[in-house]
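Some notes on the structure that comes next.
Everything quoted here is computed from the prediction, not taken from an experiment.
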Amino acid sequence: MSEAASTRDSAPTRPAPPDVDRQAASQAAVAARRARAAVKASIASREVSPLVVLDRATADPDGVEGRLRVTEFLLSVPAIGTTKMQEALDRLAISPAKRLGGLGRHQRLRLRQYLIERENRSARQRTRLVVLAGPTAVGKGTVSTYIREHYPDVLLSVSATTRAPRPGEVDGVNYYFVDDAEFDRMIDAGELLEHATVHNAYRYGTPRAPIEKALAAGRSVLLEIDLQGARQVRESMPEARLIFLLPPTWEELVRRLIGRGTEDAAEQQRRLETAKVELAAQDEFDYKVVNHDVAEAAREVVDLMKVRAAPARP
Ligand code: 5GP
């Protein structure tokens, strides 16, 4: 690496090196470029923390990491694009021409602090978005209402739906009740994080903006949505933690569905069929919580918001 660097940096007045030296130098330059590309790829894939790369650059300014341009370095950090990179360099008062190994002490400390703040922020976001799903009538709504009332730090996302309000439901609290045209507009404008037609009837969707705002402010966010929505969130926000709420037994689920008396017999039958399909998806989730008791299940869900790392998904 340093061979390549010294070749590039040598004074133009020196006599041209013999051919074999030039070949060796160009091979070394290719190897150095490859090594830098590998470092960037490992930052991008989160194999290596940018902080570790910065520390290596400091320890060996002429090594692979030390020769990385600060622009290439920042662009390889996940979620930093050209605009964010330029803003960061302005804010940190670092010239884009600099290499990591050539940063002054204060520049290095400012860059380090910037990277630490980013890591903390993304760790918070990783652990704080929780999706609660589960079969129909398992008590997701009751558990999430309990969380809203007893854990005010947790933001319970308010979904948009095309179904009509039930008695006692309040617009903006239980749901945003919208018509089909407004729901279509929200989809087209990219305002929904996920959306689905549930029980072959009405459409439901999660507004994106309040969630992003709450996560950025360090709040925990709970989404109580159906299985299709949970799968979409897993795709678009892999850092979300997925919890599946289970009934103590199948018989108990049937009893709860019939007992609540909000659906007629045909609808109950349809929902029981859906529940069987939904129960079969439980292994796709990071955690399972059994709803024996609402307060206990709510506490378990809130506790899972605090756990630092989600287990690896199959
Ligand atoms: P209900 O009409 O009984 O309030 O809710 C019916 C179903 O819609 C529940 O399974 C609930 O989890 C789901 N649901 C509520 N809001 C959303 C949402 O924003 N997205 C999705 N995908 N499902 C939702």
To the nearest 0.5 angstrom, please state how far the CD1 atom of I211 sits from the CG atom of L155. 7.5 Å
Mind listing the closest non-hydrogen atom pair of A275 and W250 along with its distance? CB-CZ3, 4.2 Å
Considering all heavy atoms of both residues, which atom of L279 and which atom of P247 are nearest to each other, and what is their separation? CD2-CD, 4.1 Å
Do T206 and H195 come close enough that some side-chain heavy atom pair is under 4.5 Å? no
Donor-acceptor pair, distance only, cut-off 3.5 Å: does the side chain of Q86 make one with the backbone of T83? no
Before giving the answer on salt bridge (Lys or Arg N to Asp or Glu O under 4.0 Å), spell out for K140 and D226 the whole-Å C-alpha distance, their side-chain angles and the decisive distance to 0.1 Å. CA-CA 10 Å; K140 283 174 290 174; D226 87 322; over 6 Å; no
Please determine whether residues V64 and V30 belong to a single hydrophobic cluster, defined as Ile, Leu, Val, Met, Phe, Trp and Tyr linked transitively by side-chain heavy-atom distances below 4.5 Å. no
Using the rule side-chain hydrogen bond (donor to acceptor under 3.5 Å, both in side chains), only one of T161, T162, D184 pairs with R203; which is it? D184
One should read off an interatomic distance between I43 CD1 and L51 CG, to the nearest 0.5 angstrom, of 10.0 Å
Does any N or O in the side chain of R219 come within less than 3.5 Å of the main-chain N or O of D153, such that one atom is a donor and the other an acceptor? yes
Verify side-chain contact (heavy atoms from CB on, under 4.5 Å) between V138 and F244, making sure each step is shown before the conclusion. CA-CA 10 Å; V138 71; F244 197 85; over 6 Å; no
Group every Ile, Leu, Val, Met, Phe, Trp and Tyr by side-chain heavy-atom contacts under 4.5 Å, then state whether L193 and V178 land in the same group. no
Interatomic spacing from NE2 in H150 to CZ in R299 - rounded to 0.5 Å: 13.5 Å
Do V131 and I243 have side chains that approach each other closer than 4.5 Å (heavy atoms only, starting at C-beta)? no
Should F285 and V301 be counted in the same cluster of Ile, Leu, Val, Met, Phe, Trp and Tyr side chains packed under 4.5 Å apart? yes
Do you know which of I147, V143, L129, V302 makes side-chain contact (heavy atoms from CB on, under 4.5 Å) with L222? I147
Is there a donor-acceptor pair under 3.5 Å between the side chain of K84 and the backbone N or O of A79? yes
Kindly give the heavy-atom pair with the smallest separation between L192 and R208, and that separation in Å. O-NH2, 3.2 Å
Show which side-chain atoms of residues 87-98 pair as donor or acceptor with protein atoms under 3.5 Å away, not counting sequence neighbours.
unit_1	atom_1	unit_2	atom_2	d
S95	OG	A97	N	3.0
K98	NZ	G102	O	3.1

For R56 and D60: C-alpha separation, side-chain torsions, deciding distance, then whether salt bridge (Lys or Arg N to Asp or Glu O under 4.0 Å) applies. CA-CA 6 Å; R56 288 182 189 153; D60 181 8; over 6 Å; no
Measuring only between side-chain heavy atoms, which start at C-beta, is M305 closer than 4.5 Å to V154? yes
How about E149 and T145: do any of their side-chain heavy atoms sit closer than 4.5 Å? yes
Start with the C-alpha distance between L115 and F73, add both sets of side-chain angles, then the distance that settles side-chain contact (heavy atoms from CB on, under 4.5 Å), and finish with yes or no. CA-CA 11 Å; L115 294 170; F73 168 70; 3.8 Å; yes
Looking at R34, I want to see if its CZ is surrounded by more than 12 non-hydrogen atoms of other residues, nucleotides or ligands under 6.0 Å. no
Check against salt bridge (Lys or Arg N to Asp or Glu O under 4.0 Å), E251 and R255: CA-CA 6 Å; E251 289 69 32; R255 201 185 62 72; over 6 Å; no
Interatomic distance, S144 atom OG to E224 atom CD [nearest 0.5 angstrom]: 4.0 Å
In plain terms, say whether E239 and R234 are close enough for a salt bridge, that is, a side-chain N and a carboxylate O under 4.0 Å apart. no
Partner residues of Y151 under the ring pair (Phe, Tyr, Trp, His ring centres under 6.0 Å) criterion, sequence neighbours left out: none
Taking only Lys NZ, Arg NE, NH1 and NH2, and the carboxylate oxygens of Asp or Glu, determine whether E267 and R271 approach each other closer than 4.0 Å. yes
Do L246 and H292 make a side-chain contact, defined as non-hydrogen atoms from C-beta onward lying under 4.5 Å apart? no
Looking at D283 and K288, is any side-chain nitrogen of the basic one under 4.0 Å from a carboxylate oxygen of the acidic one? yes
Between E273 and R270, does a salt bridge (Lys or Arg N to Asp or Glu O under 4.0 Å) hold up when you go through it step by step? CA-CA 5 Å; E273 290 306 316; R270 212 154 50 123; over 6 Å; no
For a quick test of reading the model, state the closest non-hydrogen atom pair linking E65 to L100 and the distance between them. O-CB, 3.6 Å
Can you find a heavy atom in the side chain of L223 that is under 4.5 Å from one in the side chain of L132? no
Set out, in order, the CA-CA distance, both residues' side-chain angles and the distance that settles side-chain contact (heavy atoms from CB on, under 4.5 Å) for L54 and L111, then state yes or no. CA-CA 9 Å; L54 182 59; L111 180 57; 4.0 Å; yes
Please check this pair: side chain of R128 against backbone of S220, looking for a donor-acceptor N/O pair closer than 3.5 Å. no
Could you see if Y146 belongs to whatever hydrophobic cluster contains Y287? Use Ile, Leu, Val, Met, Phe, Trp, Tyr and a side-chain cutoff under 4.5 Å. yes
Nearest heavy-atom approach of N174 to V170 is OD1-N, 2.6 Å
Exactly one candidate in Y176, Y175, F183, F177 meets ring pair (Phe, Tyr, Trp, His ring centres under 6.0 Å) with Y204; the answer is Y175
So R231 and L227, do their side chains get closer than 4.5 Å, heavy atoms only? yes
Answer whether the closest heavy-atom distance between the side chains of L272 and V254 falls below 4.5 Å. yes
Applying side-chain contact (heavy atoms from CB on, under 4.5 Å) to R108 and R112, what does each step give before you reach the verdict? CA-CA 6 Å; R108 200 168 56 237; R112 203 159 202 290; 5.8 Å; no
Same hydrophobic cluster for V198 and L253, using side-chain heavy-atom links shorter than 4.5 Å among ILVMFWY? no
Check for a donor-acceptor pair, side chain of E72 on one end and backbone N or O of R69 on the other, with a separation under 3.5 Å. yes
Exercise: identify the closest heavy-atom pair between E278 and G134: OE1-O, 4.1 Å
When you compare the side chains of S49 and E119, does any donor N or O come within less than 3.5 Å of an acceptor on the partner? yes
Calculate, to the nearest 0.5 Å, the distance between atoms CD and CG belonging to Q282 and L245 respectively. 11.0 Å
Electrostatic pair E191:R185 at N-O distance under 4.0 angstrom: yes
